[in-house]
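See structure below.
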Amino acid sequence: MWRIGQLARMAGVSQRTLRHYDKIGLLVPAAVDRVTGYRWYGVAELSRLERIRGLQRLGLPLRRITDLLDAPEEQVRQALAENVTSLHRDIAALAATAAQAEDHLMTPLSILPQQTTVGPRRLRVRRLRIEHASELAVICAAGSPSTLLTWLGGHPTGGFAAAVTTDRGGEQLILPARAVVRAVVPSSIGVVRAGEELFGWLHRQGLTVAGPTLEDHLIDAGGAHATVLEVPVDRSHHVGLA
């Protein structure tokens, strides 16, 4: 029989770890001296500890090991297969995060694009034909629309379709639930520059524009202004008129 310090040295773990395993019922000592409180361990406990550590090295958390330690090997293998799938998902997510961070370092952005999903949206709009991008500033200043829509996939090289929200008349535009990339535009850089940066980012990420870009002009109760760009991506969306 070995005391806790001896077992800790043999297995290469800390006494604190062994006490924790005892506390959660994962590795209970073979005996505990009622007078001194010393924990005593034998070969069975050493073997059990090695199995615990082995399953940990394979990526299983303690809460799963508690359920699997005495389970049939087939059940253990199934749990490991599920954990491998989860680990691959985590690796892919981390790789994507690293790639985006590297992109931001190599191509400094004034915006921080976020990928998300949004629900359906109904807008009443007045359609426009824009011959030059400079016209948009005039339209927005004159009509103060809460939302501007443009059908662009990048920097315009000629005329393009647009629309602005209106309180009267116009058409009802139905935007379905969709995946989008969204960015809040800092007032210091302006919408034009932010739009160019956003489309450049989409291109580098291999994302395609799948509908109208929304430029929402927001005002809070305190009178503070913010502009949000929202670009639908990845899959084709049908925008219908009702």
Under a single-linkage definition using a 4.5 Å side-chain heavy-atom cutoff for Ile, Leu, Val, Met, Phe, Trp and Tyr, are [X] and [Y] assigned to the same hydrophobic cluster?
X	Y	result
Val180	Trp151	no
Leu229	Phe199	yes
Val184	Val191	no

Does a sphere of radius 6.0 Å around [atom1] in [X] hold more than 12 heavy atoms from other residues, nucleotides or ligands, not counting ones at 6.0 Å or beyond?
X	atom1	answer
Glu74	CD	no
Arg121	CZ	yes
Asp220	CG	yes
Arg129	CZ	yes

Taking all atoms of both residues into account, what is the closest heavy-atom pair of [X] and [Y], and its distance?
X	Y	result
Ala194	Ile111	O-CD1, 3.7 Å
Ala30	Gly42	CB-N, 4.3 Å
Met1	Gln6	O-OE1, 4.4 Å
Glu230	Pro232	O-CD, 3.9 Å
Ser110	Pro186	O-CG, 3.3 Å

Without swapping roles, check the side chain of Arg178 against the backbone of Gly119 for a donor-acceptor pair under 3.5 Å.
-> yes
Is the backbone of Thr97 close enough, under 3.5 Å, to the side chain of Gln100 for a donor and an acceptor to pair up by distance?
-> no
Measuring from [X]:[atom1] to [Y]:[atom2], what's the distance to the nearest 0.5 Å?
X	Y	atom1	atom2	value
Arg122	Leu175	CZ	CG	10.5 Å
Arg126	Leu128	CZ	CG	5.0 Å
Leu149	Thr213	CG	OG1	8.5 Å
Arg3	Arg39	CZ	CZ	11.5 Å
Leu109	Arg193	CG	CZ	9.5 Å
His225	His217	NE2	NE2	11.0 Å

Hey, does [Y] have a side-chain heavy atom less than 4.5 Å from the side chain of [X]?
X	Y	answer
Leu207	Gln115	yes
Thr107	Trp201	no
Asp216	Ser146	no
Leu173	Arg127	yes
Arg64	Asn83	no
Val185	Leu198	no
Val231	Pro113	no

Hydrophobic cluster mates of Met10, side-chain heavy atoms under 4.5 angstrom, ILVMFWY only, any path?
-> Trp2, Ile4, Leu7, Val13, Leu18, Tyr21, Ile24, Leu26, Leu27, Tyr41, Val43, Leu46, Leu49, Ile52, Leu55, Leu58, Leu60, Leu62, Ile65, Leu68, Leu69, Val76, Leu80
Checking side chain to side chain contact (heavy atoms under 4.5 Å, CB included) for the pair Val118/Arg182: CA distance, chi angles, key distance, verdict?
-> CA-CA 10 Å; Val118 295; Arg182 176 184 292 152; 3.1 Å; yes
Run the side chain to side chain donor-acceptor pair (under 3.5 Å) test against [X] and tell me which residues pass, sequence neighbours left out.
X	result
Gln15	Arg19
Thr17	Ser14
Asp103	Arg204

Looking just at side-chain N and O atoms, do Glu82 and Gln78 make a donor-acceptor pair shorter than 3.5 Å?
-> yes
Apply side chain to side chain contact (heavy atoms under 4.5 Å, CB included) to the pair Glu215 and Thr150, showing each step before the final yes or no.
-> CA-CA 8 Å; Glu215 180 183 316; Thr150 54; over 6 Å; no
Going by the salt bridge (Lys or Arg N to Asp or Glu O under 4.0 Å) test, which pairs reach into residues 41-53, not counting sequence neighbours?
-> Arg48-Asp70, Arg51-Glu73
Results of side chain to side chain contact (heavy atoms under 4.5 Å, CB included) for Asp33 - residues two or more places apart only | Val35, Thr36, Tyr38, Trp40
